[in-house]
Amino acid sequence: MSLKRIVVMISGGGSNLQAVIDAVEAKAVNAEITGVIASRPDAYGLVRAGEASIPAQVISRKDFKSAADFDTANLNTIRAFKPDLIILAGYLAMIGAPIVEAFRNRIINIHPSLIPAFCGKGYYGEKVHQAVLDYGARFSGATTHFVDEGADTGPVIMQKTVPVLEGDTAKSLARRVLDAEHEILVKSAALFCDDRLKVSGRKVTVLD
Ligand code: GRF
C-alpha cells in the first residue's frame with residue numbers, strides 16, 4: 001500500500017504533532033507528513049517540524065481581513081501539500097466550511113475530553129480540564145473525531161478514558177489526558193492510512 005500524505009495543523013507546543021512524527025518514523029503509521037500549518041508564528045510545533053525536516057507555513061487569522069480570506073489561504077496551502085488526511089493537533093483556529101467540504105471525513109481532530117462532554121466553543125486547553133474538575137466528573141479522557149461544520153461535533157472515531165484523581169489540578173489532569181491524546185491520535189491516523197475507517201452518518205466503523 002503506498003504511503004498516505006498527511007498535513008498536520010497546529011497552534012501550540014505540538015506534542016501531538018511529535019507523536020505523529022515519531023509514529024511515522026517508526027512506520028506505525030503508513031504515511032508521510034508532507035506539511036505543517038501553524039496558526040501562530042510562535043507555535044513550538046514549528047521547531048518540531050523543522051527538526052523533522054517537514055515543510056511548514058504560518059497562516060494567522062490576524063493577517064487576513066476576513067474569515068473567508070483566512071479559510072482560502074488555509075485551503076490553498078493545504079491543497080499545495082496534496083494531503084490524503086489533515087490532522088488538527090492542538091489547532092485552535094476555526095476550520096471553515098469550504099475546507100470541511102473539500103476534505104469531508106478526511107480531517108481528524110483530537111480533543112482533550114470525552115465528547116460530547118466539555119467540548120465546543122470556549123472549551124480548549126486547560127479550560128477543558130478545569131471544567132471537568134469544577135463539575136466533579138469522575139472520568140475525563142480524549143476523543144478523536146472527523147471534523148464537520150460544527151465545533152467538536154463530527155463523527156467520533158476513538159475515545160480513551162482517564163480517571164480524575166483526588167487532588168488533581170487542571171495541570172495534572174491535562175498531563176495524563178495528553179498521554180491518552182497521543183495514543184488515540186496515532187491509532188486513529190494509522191487506521192485511516194490503512195483505509196480501515198468507514199463512516200456512515202455519525203457512525204465510524206473500524207474495518208478488519
Ligand atoms: C492538548 O491538550 C490539545 O488537545 C490542546 O492543546 C494541548 C496541547 O497540544 N488543544 P499540543 O501539545 O500542542 O499537541
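We count ligands from 1, going down the list as the structure has it; atoms in each ligand are counted the same way.
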| said: Less than 4.5 Å apart, side chain to side chain, heavy atoms only: is that true for Leu3 and Asn30? | reply: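 Yes; the side chains approach each other to less than 4.5 Å.
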| Heavy-atom distance to atom 12 (O) of ligand 1: which of Gly90, Ala89, Ser11, Ser15 wins? | Ser15
| query | Which residue, Asn16, Thr143, Thr144, forms the side-chain hydrogen bond (donor to acceptor under 3.5 Å, both in side chains) with Glu181? | reply |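 Per the side-chain hydrogen bond (donor to acceptor under 3.5 Å, both in side chains) rule, the option paired with Glu181 is Asn16, out of Asn16, Thr143, Thr144.
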| query | For Ile78, which of Ile107, Ile59, Ile37 qualifies under side-chain contact (heavy atoms from CB on, under 4.5 Å)? | reply | Ile37
| query | Are Leu173 and Tyr123 grouped together when hydrophobic residues (ILVMFWY) are joined by side-chain heavy atoms under 4.5 angstrom apart? | reply |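 Same cluster: Leu173 reaches Tyr123 through Ile, Leu, Val, Met, Phe, Trp or Tyr contacts under 4.5 Å.
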| task | Could you tell me whether ligand 1 has any atom less than 4.0 Å away from a heavy atom of Gly14? | result | yes
| query | Taking heavy atoms and a distance under 4.0 Å, where does Glu181 meet ligand 1: side chain, backbone, both or neither? | reply | side chain
| Which of the atoms of ligand 1 are close to Leu178, meaning less than 4.0 Å from one of its heavy atoms? |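 Checking each atom against Leu178, I get 1 (C), 2 (O).
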| With atoms numbered from 1 as shown, which atoms in ligand 1 lie under 4.0 angstrom from a non-hydrogen atom of Gly13? | 13 (O)
| Who's the nearest protein heavy-atom neighbour of atom 9 (O) of ligand 1, and how far? | Asn16 ND2, 3.6 Å
| Would Ser15 and His182 count as having a side-chain donor-acceptor pair, cut-off 3.5 Å? |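 Yes, a side-chain donor-acceptor pair sits under 3.5 Å.
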